[in-house]
There are 2 protein chains.
Amino acid sequence: MPPAIDLRLQPRLEELVEFLRRHLAARRALLILLATCTVEYEGRSASHLGKGDRLIIIKPDGAILVHRPWGYSPVNWQPDSKILEVFTETQPEHEEVVVIKSVRARPREVLLVKISKAYLVVAAQGLEDSAEFVEYLDEHQIRDILATHPEEIEPGLRIVRIEKPIEPGFIDLYGVDRQGYNVIIEIKRVTASTSAVKQLKEYVDAFKAKNPHIRVRGILIAPSISKEALLLLNRYGLEYKQINIEKLYRKYFSLEKRSIQKRISILNFIGKAASNSH
Amino acid sequence: MPPAIDLRLQPRLEELVEFLRRHLAARRALLILLATCTVEYEGRSASHLGKGDRLIIIKPDGAILVHRPWGYSPVNWQPDSKILEVFTETQPEHEEVVVIKSVRARPREVLLVKISKAYLVVAAQGLEDSAEFVEYLDEHQIRDILATHPEEIEPGLRIVRIEKPIEPGFIDLYGVDRQGYNVIIEIKRVTASTSAVKQLKEYVDAFKAKNPHIRVRGILIAPSISKEALLLLNRYGLEYKQINIEKLYRKYFSLEKRSIQKRISILNFIGKAASNSH
DNA sequence: AACTTCATGTCGCGG
DNA sequence: CCGCGACGTGAAGTT
């Protein structure tokens with residue numbers, strides 16, 4: 001059954017209130033508003049946004065987004081809210097507005113969208129979206145690939161443990177090198193910064209503290225590393241190993257849990273993107 | 001001049017292509033789509049999203065958001081993109097789709113939204129939004145308030161320097177206490193975690209290394225602190241001072257650069273929100 | 001452009 | 001519900 005769409009162009013404010021209340025009562029509508037409004041927020045922080053044209057979205061789960069006509073981020077929002085009220089109010093300057101008030105319990109946060117003029121309001125009932133979202137190339141997968149193919153890190157390396165628990169956290173990969181030295185490996189999927197170096201240092205130190213007599217190396221694996229991070233790394237006597245994530249992925253991505261079709265399509269896709277970028 | 005709104009309900013795919021192309025060519029439209037689609041992404045990561053009903057937004061600056069019917073975050077997006085193409089394509093399963101292809105140059109990322117059925121498409125031309133967005137209670141402001149009113153940290157404390165540069169970063173506040181000891185202060189506006197403690201420790205150590213003969217205290221200021229963080233803090237011989245950000249703000253927020261009107265309204269607002277929460 | 005730090009970060013996972 | 005870490009983090013500011 002396709003979604004049912006109800007909409008009003010240039011609704012009067014009374015109409016808008018009625019429309020919103022009706023569709024919010026139904027509880028399963030996605031609401032879209034184009035309107036001139038101001039926005040007040042108070043909670044973990046507080047903010048005031050003056051009058052302007054915005055896109056306002058209220059999702060069936062109570063999430064609210066107020067978007068300005070540019071950029072990725074909403075200017076104001078509420079990730080979810082159980083309490084949602086719609087009412088009219090007369091501003092100190094005698095202007096009539098429709099207020100959408102959303103209250104979140106914990107942390108306590110209040111969002112007020114005050115609409116002075118609505119251009120369009122849409123309600124969509126019965127949107128269906130149960131599809132799976134599959135992500136590739138996250139740290140988890142890179143870690144698993146490297147665990148299965150440690151020769152990509154260095155010849156003779158043997159991985160002993162994945163996600164080895166240590167005093168303050170988990171070691172991504174833990175193994176033994178050709179010479180028999182213990183190796184602690186920290187993986188980053190983006191440019192490694194000083195914080196990654198510090199994290200690795202912390203693990204190595206914790207390991208040394210617990211095993212004073214065992215020799216241990218620390219390797220930071222990332223597609224790139226910042227200059228500062230490399231300096232600090234060297235100062236700490238740690239090592240850096242560069243990897244090409246896309247190459248690794250194309251070489252090894254296995255699919256015990258995935259369909260051949262998916263694999264082919266994603267690999268084709270990556271292939272095309274790569275060749276496009278020549 | 002109010003924004004001009006153009007829309008189509010249940011457009012056929014050919015209509016949709018024409019509609020999108022026309023309004024993208026005009027270059028100043030905000031586009032809103034309700035449609036059944038799949039989404040492919042490839043760039044810093046890669047993802048595949050199966051078929052479902054989504055809200056798709058294309059902003060005048062080329063930002064694209066694909067929202068599922070729940071949650072705060074878009075499932076796929078493009079923060080901005082210079083290259084935007086719309087075309088029809090026949091899928092391997094012989095299904096006809098409208099593809100919105102967005103390419104971002106750096107980092108190179110490709111987003112493909114493949115629409116098999118559109119329920120609604122809206123174009124809004126000439127949205128006006130030049131209003132100022134004023135934020136309160138960010139770390140900057142808390143830091144400035146504490147710098148002006150160090151007695152809120154402890155009696156007799158004198159702040160000497162704000163954002164004092166040190167080896168790896170900046171000390172939020174640097175001062176001298178009643179006894180003449182140097183004090184390094186790190187401020188967090190949310191619950192302090194172990195990383196905040198480590199950061200403070202790092203600053204204190206760096207200071208000690210540079211000034212071996214000078215006694216120095218380290219104080220972590222935050223509205224709350226995690227158990228682990230407090231333990232670590234004590235182990236390091238550092239101190240924790242709890243603050244109530246809202247209280248501080250209401251007591252001291254000054255407005256050299258702000259209008260009285262704004263101040264009154266936000267304070268009223270905070271007041272009301274606080275009393276509501278009783 | 002590289003790099004750092006803040007954020008109403010959000011989100012998911014584990015205890 | 002905390003607490004911690006990853007994120008296609010985004011966004012702002014500095015070098």
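Labels below follow one simple rule: chain letters A, B, ... track the order of the sequence lines, proteins then strands, and each chain is numbered from 1.
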(message) Students often get this wrong, so: under 4.0 angstrom with heavy atoms, is B:T194 touching a base, only sugar-phosphate, or nothing?
(response) sugar-phosphate
(message) Please confirm whether the shortest side-chain N or O distance from A:R44 to OP1 or OP2 of C:dT10 is below 4.0 Å.
(response) yes
(request) Report yes if a side-chain nitrogen or oxygen of B:W77 is closer than 4.0 Å to either non-bridging phosphate oxygen (OP1 or OP2) of D:dG10; otherwise report no. (result) yes
(request) Rounded to whole angstrom, note down the P distance from D:dA11 over to C:dC11. (result) 16 Å
(message) Could you measure the distance from the CD1 atom of A:I185 to the CD1 atom of A:I162? Nearest 0.5 Å is fine.
(response) 10.5 Å
(request) Mark yes or no for a side-chain to base donor-acceptor pair under 3.5 Å between B:Q78 and D:dG8, with no hydrogen or angle criteria applied. (result) yes
(message) From C-beta outward on B:Y203, which listed nucleotide comes closest to its side chain: C:dT8, C:dC6, C:dT5?
(response) C:dT5
(request) Select from B:E186 and B:R189 the residue whose nearest nucleotide in DNA chain C is closer to the 5' end of that strand. (result) B:E186
(message) Work out how far the C1' atom of D:dA6 is from that of D:dG10, and round it to whole angstrom.
(response) 15 Å
(request) Take B:S73 and A:A192, find for each the nucleotide of DNA chain C with the closest heavy atom, and name the residue whose nucleotide sits nearer the 5' end. (result) A:A192
(request) Write down the distance between NZ (B:K198) and P (C:dT5), rounded to a whole number of angstrom. (result) 15 Å
(request) Could you tell me the separation between the CD1 atom of A:I245 and the P atom of D:dG8, rounded to a whole number of Å? (result) 12 Å
(message) So, taking the atom named CD in A:Q141 and the one named CD1 in A:I245, what distance separates them when rounded to the nearest 0.5 Å?
(response) 11.0 Å
(request) Using whole Å, report how far CZ of A:R104 lies from P of D:dC1. (result) 11 Å
(message) On DNA chain D, does the nearest nucleotide to B:P79 precede the nearest nucleotide to B:E228 from the 5' side, or the other way round? Give the residue.
(response) B:E228
(request) Would you mind reading off the distance between A:K227 atom NZ and C:dA1 atom P, rounded to a whole angstrom? (result) 15 Å
(request) Measure the spacing between CG of B:N76 and NE2 of B:H48 and express it to the nearest 0.5 Å. (result) 10.5 Å
(request) Anything under 30° is parallel, anything over 60° is perpendicular, the rest tilted; go ahead and classify B:F207 against B:Y174. (result) tilted
(request) Send over the distance from B:F170 CZ to D:dT14 C1', rounded to a whole Å. (result) 8 Å
(message) Within the 4.0 Å heavy-atom criterion, would you say A:E109 contacts the bases, only the backbone, or no part of the nucleic acid?
(response) base
(request) Decide yes or no for A:L49 and A:R54: does some side-chain heavy atom of the first lie under 4.5 Å from some side-chain heavy atom of the second? (result) yes
(message) Can you check the distance between D:dC7 and C:dA7, where both ends of the measurement are the P atom (answer in whole Å)?
(response) 22 Å
(request) For a side chain to side chain contact (heavy atoms under 4.5 Å, CB included) with A:Q78, tell me which candidate from A:L111, A:V113, A:I100 qualifies. (result) A:L111
(request) Identify which nucleotide among C:dT5, C:dT8, D:dA6 has an atom closest to any side-chain atom of A:Q199, counting heavy atoms from C-beta outward. (result) D:dA6
(message) Can you confirm whether A:H149 sits close enough to A:K251 that some side-chain heavy atom of one is under 4.5 Å from a side-chain heavy atom of the other?
(response) no
(request) Write down the distance separating the P atoms in D:dC4 and D:dG8, rounded off to the nearest Å. (result) 22 Å
(request) Check if the side chain of A:N76 and the base of C:dT8 share a donor-acceptor pair of N or O atoms closer than 3.5 Å. (result) yes
(request) Among C:dT8, C:dT10, D:dG8, find the nucleotide with the atom closest to the side chain of B:Y72. (result) C:dT10
(request) For D:dA6, take OP1 and OP2 only and decide whether either is under 4.0 Å from a side-chain N or O of A:K188. (result) yes
(request) Rounded to the nearest angstrom, tell me the gap between atom CD in A:E163 and atom P in C:dG15. (result) 12 Å
(message) Expressed as a whole number of angstroms, how long is the span from B:D138:CG to C:dT5:C1'?
(response) 13 Å
(message) If you assign B:G43 and B:I225 each to the DNA chain D nucleotide with the nearest heavy atom, which residue ends up on the more 5' nucleotide?
(response) B:I225
(request) Using only side-chain N and O atoms of B:S195, determine if any of them is under 4.0 Å from OP1 or OP2 of D:dG5. (result) no
(request) Check the distance between D:dG5's P and A:D172's CG and give it to me in whole angstrom. (result) 11 Å
